[in-house]
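The structure appears below as C-alpha cells.
Chain identifiers are assigned alphabetically (A, B, ...) following the order of the sequence lines, protein sequences preceding nucleic acid strands; residue numbering begins at 1 within each chain.
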Amino acid sequence: MSTENRNIMVQIRSVYKFFGQLKALDNVTLDIYDGEKMVIIGPSGSGKSTLLRSINKLETIDAGQIIVDGLDISNPETDINKVREEIGMVFQSFNVFPHKTVLDNINLAQTVVRKRSKKEATEISRELLNKVGILDKANEYPGKLSGGQQQRVAIARALAMKPKLMLFDEPTSALDPEMIGEVLEVMIKLAKEGMTMIVVTHEMGFAREVSDRVLFMDYGAVIEEGTPEHFFKNPTEERTKLFMSQIL
Amino acid sequence: MAEVKKTEKIDKKKPVIAVGDGPAIPSKEDVGLFTAWRVSIIGALAIIAYLAISKPDPYLAILKFVPDGILVTFQVTIEAILLALLIGLFTGLGRISKNRIINGIASVYVEVIRGIPLLVQLFYIYFALGRVVNLPAMVSAVIAMSVCYGAYMGEIFRAGIESIPKGQMEAARSLGMSYPQAMIHVILPQAFKTILPPVGNEFVALLKDSSLVSILAVSDLLRRGREFASESFTYFETYTMVALVYLVITLFLSKLVSLMEERISVD
Ligand SMILES: Nc1ncnc2c1ncn2[C@@H]1O[C@H](COP(=O)(O)OP(=O)(O)OP(=O)(O)O)[C@@H](O)[C@H]1O
Ligand SMILES: [Mg+2]
C-alpha cells in the first residue's frame, strides 16, 4: 500500500525511555500513517509495550518527541486527556471495570468524557456490542464473561470514544486458544473499516492478513521493518531471522 | 502466557485489609467467636435486666438517667466518623500522590497523629481550638476525634485504593478520563468493598474512644454516668451499668458490621 501522500497520524522522533539504568527505548524514530495497520513484534522485554504506552503517555518519555494527530504529547503543556480521547487502547489483561455492567463499561467514558447523554451513549454502546458480537451480554457484569468476551467489551469500550487511532498491546496473549479467533476477528473487521492500528502481537496470521508494515524491536530499538511478506520470506537481520524461526 | 493468567487470578482474589485494634467482629466461619458474641450479649442483657428488677434503686434510676448520654455518644461518633471519612479520603489520596508537597503533608499528618496518645490529642486540639475560636464543646470534641481518626482512615483509604490493580487506572486514563474522574468512577467504587470492613471496625472503635470526650464537658454516656454517681455516691453501681450499656452497644454494632460485610462479599 502506498504511503506517499497520506497524513501522518503518529510521529515518533528520537525517543528514549529509561527505567533506572535500563534503556527501554533506544532512539526510536517512526511515522505511522493515517489508516495504516502496523504490527510490532519482538522478544519479551524488547520495549514493545513501552513504545505503545508512550504514544498515549501512560509512560513519559525521557528524550525525543511524539506527535499524535498534530499534538505534541511530549510537551507538558498539551492537555493529555484531550489527546487520549482520540486514542483507544486495548490491554493484554482486558482491564474491564468489574463493578459496572458491560453496557455501563462502554457508557462510562462516553458520558463522563465525551459528555454524551445517557440515551445517546447507550445507543452507541449497543451498536458496538452488536458489532463485537456480545449484545446479549449488555446487562451482565464482566465477571460472568469469558476472557474473549471481556476483551471484546474492552475493544467496544475504546471504540465508543470514536478514536482516530487504536493501540493493542498483546490483546490475545492472555486468552485461551479457542478464544483468540473471536478477538482477532473483531480486530480484522476494524482494520478493514480503515482504522489506524498499532498492534503488538505475535499472531503472524493476523499480521499477514491486515498489516501494512511489521516492526521488529529488540533491546528498545527498532531493528528491522518491512511488509509481512518480507518478514516471512527474507528478513535481513540475524536477530530477526532467529526470532521469526522461534515464533513460527 | 501461563504467567499472565496466574497474575489475573491473583488480581481477582479479594484483597483484605487487616486491622488489629478493632473489636472482635463475628463472622459465620468463626463459630467460636459467634458463640462468644451470643454469650456476651445475652449475658449483658440478662445482668442489666436482673439488676434493674432486683435493685431498682439505684440500677433502674441509672438506666433512666443515661439515655441522653447514649444519644450524645452516638451523635459524637456518627459526626466524627463522617468527618474522619472525609479527612481520610483526602489523606489517603495525599499519601499516594506523586506531588511531593501533598504527599509530605499527608504523611506527616499520619505520622504525628499515630505517635500521640488519643487523650493527649483530644486535650491539645480542644484547647488549641479554644484559643482561636470559641466553639461549643460538642463541636470541638467532634473535630478533635475526627482529626485523630482521620489519620487511621487515611491509611485505610490508601490501602483500599492500592488494592485495585493498576490496570484499572490505566484503562480509565486511556479513555481520556482525568485523574479525579478515574478515581470517582472507577477506583473508589471498587475500593469501597475493601474499605468498608475496616471502616466498620473503626466506627466501633471510635464509639468506644468517644468516652474520652466526657472529659471535655460533653454529656456523653460516661459523663452522664459520672454526674449520676457523684450525686448519689453510687460509683460502683453506676459504672457497672455504664460498662454494660457500652458493651451492649458495641456488641450490637459489631454484629451489624459483620452482617454488612457478609452482604457485601455476597454481591
Ligand atoms: N514500570 C517499569 N519499571 C521498571 N522497568 C520496567 C517498567 N516497565 C517496563 N520495564 C522494563 O523495560 C523493558 C521493556 O519492557 P516492555 O514491557 O516494554 O517490554 P515488552 O517488549 O512489552 O515485553 P513483553 O513481550 O514481555 O510484554 C523490560 O526490561 C522491562 O522489564
Ligand atoms: Mg509487553
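Within a 6.0 Å radius of CD1 in B:Ile101, no more than 12 heavy atoms belonging to other residues, nucleotides or ligands are found. Heavy atoms of other residues, nucleotides or ligands lying less than 6.0 angstrom from CZ of A:Arg116 number more than 12. Around atom CD of B:Glu162, more than 12 heavy atoms belonging to other residues, nucleotides or ligands sit under 6.0 Å away. No more than 12 heavy atoms of other residues, nucleotides or ligands lie within 6.0 Å of NZ in A:Lys144, so this atom counts as exposed by the packing criterion.
Neither the backbone nor the side chain of A:Val90 comes within contact range of chain B; no heavy atom of the residue lies under 4.5 Å from a heavy atom of that chain. The contact between A:Phe91 and chain B is made entirely by side chain atoms (from C-beta outward), counting heavy-atom distances below 4.5 Å. Of the atoms belonging to A:Ile87, it is backbone heavy atoms, and not side-chain ones, that fall under 4.5 Å from chain B. There is no contact between A:Arg114 and chain B, counting heavy-atom distances below 4.5 Å.
Within the 3.5 Å criterion, the main-chain N or O of B:Ala171 finds no donor-acceptor partner in the side chain of A:Asn95. Side-chain atoms of B:His185 do not come within 3.5 Å of backbone N or O of A:Val112 as any donor-acceptor pair.
In this structure, B:Pro189 and A:Lys100 have side chains that are not in contact, with every pair of non-hydrogen atoms separated by 4.5 Å or more.
Residues of residues 173-184 of chain B having a heavy atom under 4.5 Å from any heavy atom of chain A, listed by number: B:Arg173, B:Ser174, B:Leu175, B:Gly176, B:Met177, B:Ser178, B:Gln181.
Remark: A:Asn56 engages no residue in a side-chain hydrogen bond (donor to acceptor under 3.5 Å, both in side chains) (not counting sequence neighbours).
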